[in-house]
Amino acid sequence: AMEKSYVSMFLLLIAIPCTLAKDVGKKETKETTVKPKLPQTLSRGWGDQLIWTQTYEEALYRSKNSNKPVMIIHHLDDCPHSQALKKVFAEHKDIQKLAEKFILLNLVYETTDKNLSPDGQYVPRILFIDPSLTVRADITGRYSNRLYAYEPTDISLLYANMQKALKLLKTEL
């Protein structure tokens, strides 16, 4: 019985992402006084040559008008899981190319739309929304306890899910 509990503990550890820290605001001001931050582009490092929207509302508006799906990445700068995924995402040529077909948004804060946290607020998590403004909760990653979390090793699954989001578009509209 002892061995079994070790195994399940280990599995849980794998897919535990960063939870949102409550005192994020306080820490930010301390840091900015220490070192001047470089001007932050909207990509926040997820793909500097891609076009990113600034807000959730803008992303929905653009999606509806351009008939492109939205890809939303929730992440945090001080979350190692987010950082690791970002690095792989930004360096993946095929993903960067495919991302051009999406309205892109990355957020370091939560929106008030509960549809964007179907199974909780954790980072990193990636969701797709189609131009009819429906959150595609059916496009999931590989972890049952965090459906929209991706690890750097899941990058090909994320690529496949991006293709899926685009394919669904063609068949349904």
Inter-residue atom distance Lys64.NZ - Ser132.OG, 0.5 Å rounding: 8.5 Å

Least distance between heavy atoms, Leu98 atom then Met162 atom: CD2-CB, 3.6 Å

Distance, nearest 0.5 Å, that separates CZ of Arg125 from OG of Ser82: 10.5 Å

His75 and Trp46 aromatic ring geometry - parallel, tilted or perpendicular at 30°/60° bounds: perpendicular

Heavy atoms from other residues, nucleotides or ligands near CD of Gln54 exceed 12 (cutoff 6.0 Å): no

Working for side-chain contact (heavy atoms from CB on, under 4.5 Å), residues Leu127 and Arg136: CA-CA 7 Å; Leu127 284 136; Arg136 305 295 326 210; over 6 Å; no

Spatial distance of atom CG (Leu104) from atom CD1 (Ile73) [nearest 0.5 Å]: 7.0 Å

Positive for side chain to side chain contact (heavy atoms under 4.5 Å, CB included) with Val135, one of Val70, Asp130, Leu116: Leu116

Hphob cluster co-occupancy, Ile72 + Ile51, side-chain heavy atoms under 4.5 angstrom: no

Single-linkage hydrophobic cluster Phe102~Leu157, side-chain heavy atoms < 4.5 angstrom: yes

Side chain proximity check, Tyr148 to Ile126, heavy atoms < 4.5 angstrom: no

Considering all heavy atoms, the nearest Ser63-Lys68 contact: OG-O, 2.6 Å

Nearest-0.5 Å distance, NE2 of residue His92 to CD1 of residue Ile155: 5.5 Å

Smallest separation among heavy atoms of Ala99 and Leu50, with atom names: CB-CD1, 3.7 Å

Stepwise side-chain contact (heavy atoms from CB on, under 4.5 Å) check, Tyr122 with Asn145: CA-CA 11 Å; Tyr122 52 88; Asn145 62 331; over 6 Å; no

Short N-O contact, Lys86 and Glu91, less than 4.0 angstrom: no

N/O donor-acceptor pair under 3.5 Å between Thr53 side chain and Glu58 backbone: no

Residue that, paired with Pro124, satisfies side chain to side chain contact (heavy atoms under 4.5 Å, CB included) out of Leu76, Asn106, Leu85: Leu85

Pairs involving residues 111-122, ordered by first then second residue, that meet salt bridge (Lys or Arg N to Asp or Glu O under 4.0 Å) (sequence neighbours left out): none

Side chain Arg62, main chain Ala59, donor-acceptor under 3.5 Å: no

Trp52 side chain to Gly47 backbone, donor-acceptor under 3.5 Å: yes

N/O donor-acceptor pair under 3.5 Å between Gln83 side chain and Asp78 backbone: no

Flag side-chain contact, heavy atom, 4.5 Å: Leu147 against Pro118: no

Heavy-atom closest contact (Ala165 atom, Pro69 atom, distance): O-CG, 4.4 Å

Lys NZ or Arg CZ of Arg146 over Tyr143 ring: under 6.0 Å, within 45°: no

Point-to-point distance, once rounded to the nearest 0.5 Å, from CD of Gln163 to NZ of Lys101: 9.0 Å

Chi angles and distances behind the side-chain contact (heavy atoms from CB on, under 4.5 Å) call for Gln96, Phe89: CA-CA 7 Å; Gln96 291 290 308; Phe89 185 94; 3.5 Å; yes

Non-hydrogen atoms of Thr140 and Tyr150 that approach each other most closely: C-OH, 3.8 Å

Shortest non-hydrogen contact between Gly141 and Asn161, atoms and distance: N-ND2, 4.3 Å

Euclidean distance, Leu158 CG relative to Thr153 OG1, rounded to 0.5 Å: 11.5 Å

